[in-house]
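Since the structure is predicted, the reported quantities are computational estimates derived from the model, not experimental observations.
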Amino acid sequence: MERSANHSDFIRDIIREDLEAGRVTRVVTRFPPEPNGYLHIGHAKAICINFDVADEVGGKTHLRFDDTNPVKEDREYIEAIQEDVRWLGYEWEGLYFASDYFEEMYQRAVLLIKKGKAYVDDLTADQLRETRGTLTEPGQNSPYRDRSVAENLDLFARMRAGEFPDGAKVLRAKIDMASPNLNLRDPVLYRISHAVHHNTGDKWCIYPMYAYAHPLEDAIEGVTHSLCSLEFKDQRPLYDWVVRECEMPHTPHQYEFGRLNLTNTVMSKRHLKKLVDEGLVDGWDDPRMPTISGFRRRGFTPEAIRSFVRELGITVSGGEVDFKLLEHHARQDLSLKAPRTMAVIRPLKLVITNYPEDQVEMMETLVNPEVPEMGTKQVPFSRELYIEQEDFMEVPPPKYRRLYPGNEVRLKDAYIVRCTDVVKDAEGNVTEVHCTYDPDTRSGTGSNTRKVKGTIHWVDCRSALPAEFRLYEPLLLAGYDAEAPLEAQINPESLQVCHGYIGADLQDAKPQDKFQFVRQGYFNVDPKHTTADHKVFNLIVSLKSSFKVDPVPAQG
RNA sequence: UGCCGAAUGGUGUAAUGGUAGCACGACUGACUCUGACUCAGUUAGUCUAGGUUCGAGUCCUAGUUCGGCAGCCA
């Protein structure tokens with residue numbers, strides 16, 4: 001795993017100090033997803049942080065499914081989550097399930113009861129909320145708060161035995177109903193839920209709450225540094241209370257860092273699940289989704305995501321990261337890996353009128369000019385080519401250096417051509433561009449010293465393969481409101497499908513192969529919709545451009 | 001008018017009492033058989049008011065703004 005030289009942040013500082021002071025001998029962190037949805041780029045940050053900080057000091061990281069709420073969880077997610085973590089490039093030491101600790105958690109709860117630190121409460125959920133107090137007023141003690149230990153023990157055992165319906169009773173910690181920290185106002189430790197659990201089946205009908213279960217999970221596994229996001233900050237005193245009062249032999253410590261927010265991106269699982277369930281996107285792995293699987297299908301590389309996350313750093317101040325930064329890391333990584341090739345997304349036919357009808361020349365080109373070791377390849381060239389519609393304008397705007405009547409451009413890796421004529425249909429749209437070529441200007445011959453301002457890409461008509469291109473924009477409209485219904489805020493142009501051509505060199509491209517379409521951007525072979533005779537390419541990220549084509553070209 | 005936390009260029013971060021730096025973005029220019037890449041340059045910042053100090057982004061006080069917390073979710 002690659003490491004950055006000057007990593008330092010408050011978490012790494014704490015770890016270093018703990019190590020130096022001998023408080024811990026080996027660092028253990030954990031990534032604890034709930035299997036109730038797919039992982040997104042925000043989780044990627046948590047994954048990178050947990051694995052990286054441990055790895056850097058020779059520690060280890062557990063993958064633990066925090067599966068304490070059977071009604072929301074599903075096996076499907078367990079597999080997907082593991083695939084995503086692996087794909088990101090991380091291997092956990094130990095795969096754990098919180099549900100494997102249910103018995104120990106139960107016994108620790110019994111201990112709490114015996115110590116007078118927990119009690120069974122018969123209040124309804126509504127009553128419980130009403131007596132919890134508010135942000136500015138203390139709560140009131142439950143009338144059941146002072147039940148005897150014996151009664152609590154009996155009731156709790158009967159809860160476990162299934163004698164009560166869902167919601168009839170809860171086990172609560174006995175802490176302080178007047179605490180200014182709402183989390184300490186006798187938080188619920190266990191609830192009754194007659195639900196089938198993916199792991200424990202119907203063995204249990206009471207399930208521990210996160211606030212109780214999580215610290216115990218960490219303690220049981222010997223986690224040293226339990227890293228979580230900021231919204232758990234207020235739970236830290238409760239976390240410590242649970243570990244202490246349950247008399248856990250090992251004491252883990254919780255530290256919180258700021259979540260990742262990306263511009264123009266919803267990150268909540270609730271919203272993402274809704275987009276999937278309502279068919280507004282093509283599944284969890286829709287390339288517009290901020291899920292790990294979405295980024296993977298779109299064509300982002302794990303290296304790009306990791307370097308992006310590392311550049312973000314770890315802080316406790318929140319913010320919103322510009323999506324452009326992620327794109328930057330994608331380009332940077334892909335530029336060294338992706339073979340270059342010419343593809344035409346919106347085709348326009350170009351005919352070289354003075355080129356022999358049946359001649360085909362093979363043009364040599366570098367697979368990747370930035371990495372010459374990647375070699376060269378041959379590209380066929382002949383009289384009729386497809387060029388990009390954008391690369392011809394009958395009436396060019398200022399500074400336009402592509403093709404227009406009378407102008408010369410270089411066909412990349414081939415010849416310089418001059419536009420002599422255009423052919424139009426009945427509506428006056430240009431359907432064909434006619435050019436003449438200069439035989440002395442063949443690329444690589446060194447025989448010519450002529451310079452021409454513009455170079456455009458092309459694909460030879462005879463050998464061209466039809467292909468589908470999917471161009472993406474942000475899924476959500478700029479300035480969307482996460483609180484308002486999302487369906488009305490979906491960017492209608494978030495997916496644009498184009499039908500064009502690729503060169504014969506992409507004949508054998510496989511799903512997830514990545515290419516740079518010269519002058520356009522990086523594309524990934526879509527693994528879901530590509531078939532043997534129909535290739536679909538996802539735009540990963542476009543190339544930057546310092547020239548914007550006039551959006552309202554004057555067509556004659 | 002509760003508790004907790006955070007405020008540094010447009011964005012994300014660094015500077016742990018001693019020259020406010022880096023990256024992205026934006027804008028110039030050079031180069032270019034990718035208007036890419038690369039290179040050079042420009043732009044732009046310590047929330048406010050006091051205080052401590054030879055010296056404050058950093059420490060103190062007060063304020064302002066923003067975020068989190070009132071699930072039998074995690």
Side-chain angles (χ1 to χ4, degrees), chain A residues 6 8-9 13 32-34 36 66 68-69 71-73 121 123-125 128-130 132-139 166-172 179-185 187-193 206-207 209-211 213-214 228-237 256 258-260 263 269-270 308 311-329 331-332 335-336 340 342 365-366 369-370 399-402 409-416 441 443-444 451-457 516-521 542-549:
Chain A
N6 56 344
S8 184
D9 50 68
D13 288 347
E34 182 187 16
N36 69 343
D66 208 355
T68 58
N69 185 6
V71 305
K72 288 191 175 179
E73 295 153 11
D121 199 336
L123 254 27
T124 64
L128 205 146
R129 176 162 31 77
E130 284 157 15
R132 184 155 28 224
T134 68
L135 294 177
T136 52
E137 304 156 22
D166 290 4
K169 294 184 184 340
V170 292
L171 182 74
R172 287 228 258 174
S179 172
N181 182 343
L182 298 262
N183 295 110
L184 265 18
R185 318 241 264 227
V188 173
L189 269 21
Y190 270 90
R191 77 282 213 178
I192 299 171
S193 178
I206 57 172
Y207 292 93
M209 300 291 292
Y210 168 89
H214 206 88
C228 62
S229 46
L230 242 31
E231 69 267 31
F232 295 104
K233 177 78 177 173
D234 293 339
Q235 301 227 18
R236 200 202 281 202
E256 311 83 15
R259 268 178 187 258
L260 167 63
T263 53
K269 273 193 205 170
R270 199 185 97 239
F308 165 70
E311 181 172 348
L312 262 27
I314 310 177
T315 64
V316 290
S317 57
E320 201 174 53
V321 180
D322 197 327
F323 199 88
K324 285 185 167 71
L325 184 61
L326 213 201
E327 295 186 328
H328 164 76
H329 285 272
R331 287 192 192 97
Q332 192 168 266
S335 96
L336 296 176
R340 299 308 89 137
M342 294 193 284
T365 177
L366 253 15
E370 289 190 60
K399 294 187 181 170
Y400 190 77
R401 19 170 138 137
R402 282 108 98 148
V409 297
R410 171 168 293 279
L411 294 171
K412 185 170 166 56
D413 301 321
Y415 297 98
I416 291 176
T441 57
S443 292
K451 294 276 185 204
V452 98
K453 264 279 174 43
T455 298
I456 66 173
H457 61 276
Q516 183 199 98
F517 291 168
V518 170
R519 299 209 307 131
Q520 306 194 97
S542 65
L543 254 25
K544 290 203 291 182
S545 174
S546 58
F547 178 77
K548 311 279 185 280
V549 181

- prompt: Looking at the side chain of Ser8(A), which of rC73(B), rU16(B), rC69(B) is the nearest nucleotide?
  reply: rU16(B)
task: Establish, with yes or no, whether the OP1 or OP2 oxygen of rA70(B) is under 4.0 angstrom from a side-chain nitrogen or oxygen of Thr134(A).
output: no
task: For rG67(B) and rC47(B), measure between their C1' atoms and round to the nearest Å.
output: 15 Å
- request: Using the six-membered ring for Trp and the full ring for Phe, Tyr or His, decide whether Tyr210(A) stacks on the six-membered base ring of rA74(B) (centres under 5.5 Å, planes under 30°).
  value: no
query: Choosing from rC72(B), rA70(B), rA6(B), which nucleotide comes nearest the side chain of Met209(A)?
result: rC72(B)
Minimum-distance nucleotide (side-chain atoms of Asp234(A) versus rU34(B), rC4(B), rG2(B)): rC4(B)
- request: Remember a base hit wins even if backbone is also touched, and classify Leu366(A) as base, sugar-phosphate or nothing at under 4.0 Å, heavy atoms.
  value: nothing
query: Contact class for Pro369(A) (heavy atom, under 4.0 Å): base, sugar-phosphate, or nothing?
result: base
- prompt: Of all the choices, rG68(B), rA7(B), rC37(B), which nucleotide is nearest to the side chain of Ser317(A) once you look at every atom?
  reply: rA7(B)
field: Phosphate contact (rC73(B) OP1 or OP2) by Arg191(A) side-chain N/O below 4.0 Å
entry: yes
- request: Could you check how far CG of Asp322(A) sits from P of rG9(B), rounded to whole Å?
  value: 15 Å
message: Under a 3.5 Å distance rule, please check whether Thr68(A) uses its side chain to pair with a backbone N or O of Tyr210(A) as donor and acceptor.
response: no
task: Just call it for Val188(A): base, sugar-phosphate, or nothing, with non-hydrogen atoms closer than 4.0 Å on any strand.
output: sugar-phosphate
task: Figure out the CD1/C1' separation between Ile456(A) and rU32(B), and round it to whole Å.
output: 16 Å
- prompt: Are Asp13(A) and Ser8(A) linked by a side-chain donor-acceptor pair shorter than 3.5 Å?
  reply: yes
message: One pair to check against side chain to side chain contact (heavy atoms under 4.5 Å, CB included): Gln520(A) and His457(A). What are the steps and the verdict?
response: CA-CA 10 Å; Gln520(A) 306 194 97; His457(A) 61 276; 3.5 Å; yes
query: Nearest nucleotide by nearest heavy atom, which residue falls closer to the 5' end of RNA chain B, Ile192(A) or Ser546(A)?
result: Ser546(A)
message: Can you tell me which nucleotide in rU34(B), rU16(B), rG5(B) comes closest to the side chain of Leu543(A)?
response: rU34(B)
- request: Check every strand shown and say whether Phe232(A) touches a base, only sugar-phosphate, or nothing at a heavy-atom separation below 4.0 Å.
  value: base
query: When all nucleic acid strands are considered with a 4.0 Å heavy-atom cut-off, which category describes Asp166(A): base, sugar-phosphate, or nothing?
result: nothing
- prompt: Taking the six-membered ring for Trp, are Phe308(A) and His329(A) parallel (under 30°), tilted (30 to 60°) or perpendicular (over 60°)?
  reply: perpendicular
- request: Assign rG71(B) to syn or anti; the rule is syn for a glycosidic angle within 90° of 0 and anti otherwise.
  value: syn
field: Pair Thr315(A)-Asp9(A), side chain to side chain contact (heavy atoms under 4.5 Å, CB included): steps then yes or no
entry: CA-CA 7 Å; Thr315(A) 64; Asp9(A) 50 68; over 6 Å; no
message: Looking at Ser542(A), is its backbone amide N or carbonyl O close enough to the side chain of Arg331(A) to form a donor-acceptor pair, meaning the two atoms are under 3.5 Å apart?
response: yes
field: Arg402(A) side chain near rG35(B) phosphate (N/O to OP1/OP2, under 4.0 Å)
entry: no
- prompt: With no hydrogens and no angle check, is any side-chain donor or acceptor of Asp413(A) less than 3.5 Å from a backbone partner on Ser443(A)?
  reply: no
field: Integer angstrom distance from the C1' of rC27(B) to that of rA44(B)
entry: 12 Å
message: Whether Arg259(A) contacts rG68(B) is assessed here as follows: a side-chain N or O lying under 4.0 Å from the phosphate OP1 or OP2. Is that the case?
response: no
query: Does the rG71(B) base have a donor-acceptor partner in the side chain of Arg129(A) within less than 3.5 Å?
result: no
C1'-based separation of rG68(B) from rU28(B) [nearest Å]: 44 Å
message: Checking side-chain polar atoms at under 3.5 Å, does Arg340(A) have a donor or acceptor matched by the opposite partner on Thr365(A)?
response: no
message: For Watson-Crick and G-U wobble pairs within 3.5 Å on both distances, what is RNA chain B written in dot-bracket notation, | included for inter-strand pairing?
response: .((((((..((((....[..)))).(((((.......)))))....(((((..]....))))))))))).....
- line: With the side chain defined as heavy atoms from C-beta on, Glu231(A) is closest, among rC33(B), rA6(B), rG68(B), to rG68(B)
message: Between rU43(B) and rC3(B), how many Å separate the two C1' atoms, rounded to a whole number?
response: 42 Å
task: Measure from CG on Leu325(A) to P on rG12(B) and round the result to the nearest Å.
output: 11 Å
- prompt: Checking all strands, does Gly313(A) fall into the base, sugar-phosphate, or nothing category for heavy-atom contacts under 4.0 angstrom?
  reply: nothing
query: Contact class for Arg236(A) vs. all strands (heavy atom < 4.0 Å): base, sugar-phosphate, or nothing?
result: nothing
- request: Indicate yes or no for a side-chain donor-acceptor contact from Gln332(A) to the backbone of His328(A) under 3.5 Å, with no hydrogens or angles considered.
  value: no
- prompt: So what does Thr124(A) touch, heavy atoms closer than 4.0 Å: a base, only the sugar-phosphate, or nothing?
  reply: base
message: What's Val170(A) touching, base or sugar-phosphate or nothing? Going by heavy atoms closer than 4.0 Å.
response: base
Between P of rU38(B) and CZ of Arg331(A), the distance in whole Å: 11 Å
message: By the 4.0 Å heavy-atom rule, please label Lys412(A) as base, sugar-phosphate, or nothing.
response: base
- request: Return the nearest nucleotide to the side chain of Val518(A); candidates are rU13(B), rA74(B), rU34(B).
  value: rU34(B)
Atom-pair distance (CD on Glu137(A); C1' on rC69(B)), nearest Å: 16 Å
query: For the pair made of CD in Glu256(A) and C1' in rC4(B), what is the distance, rounded to whole Å?
result: 10 Å
message: Can you check the distance between rG71(B) and rU16(B), where both ends of the measurement are the C1' atom (answer in whole Å)?
response: 40 Å
- prompt: rG12(B), rG35(B), rC24(B): which one has an atom nearest the side-chain heavy atoms of Leu312(A)?
  reply: rG12(B)
task: Measure the distance from CD on Gln235(A) to C1' on rC69(B) and round it to the nearest whole Å.
output: 9 Å
task: Check every atom of rA14(B), rA70(B), rU34(B) against the side chain of Gln516(A) and return the nucleotide holding the closest atom.
output: rU34(B)
query: Between Ser335(A) and Glu34(A), which is nearer to the 5' end of RNA chain B once each is assigned its nearest nucleotide?
result: Ser335(A)
- prompt: Expressed as a whole number of Å, how far does the C1' atom of rU52(B) sit from that of rU58(B)?
  reply: 13 Å
- request: Report the nucleotide, chosen from rA6(B), rC3(B), rC4(B), that has the shortest atom-to-atom distance to any side-chain atom of Lys233(A).
  value: rC4(B)
message: Within the 4.0 Å heavy-atom criterion, would you say Asn69(A) contacts the bases, only the backbone, or no part of the nucleic acid?
response: sugar-phosphate
- request: May I ask you to decide whether Arg236(A) forms a salt bridge with Glu256(A), counting only side-chain N to carboxylate O separations under 4.0 Å?
  value: yes
- request: Could you tell me whether Lys399(A) contacts a base, only the sugar-phosphate backbone, or nothing, with contacts defined as non-hydrogen atoms closer than 4.0 Å?
  value: base
query: Do any N or O atoms from the side chain of Arg185(A) and from the backbone of Ser179(A) form a donor-acceptor pair under 3.5 angstrom?
result: yes
- request: Quickly work out the Arg172(A) CZ to rG71(B) C1' distance and round it to whole Å.
  value: 13 Å
message: Just to be sure I understand the rule, does Ser193(A) reach a base, reach only the sugar-phosphate, or reach nothing, if contact means heavy atoms closer than 4.0 Å?
response: nothing
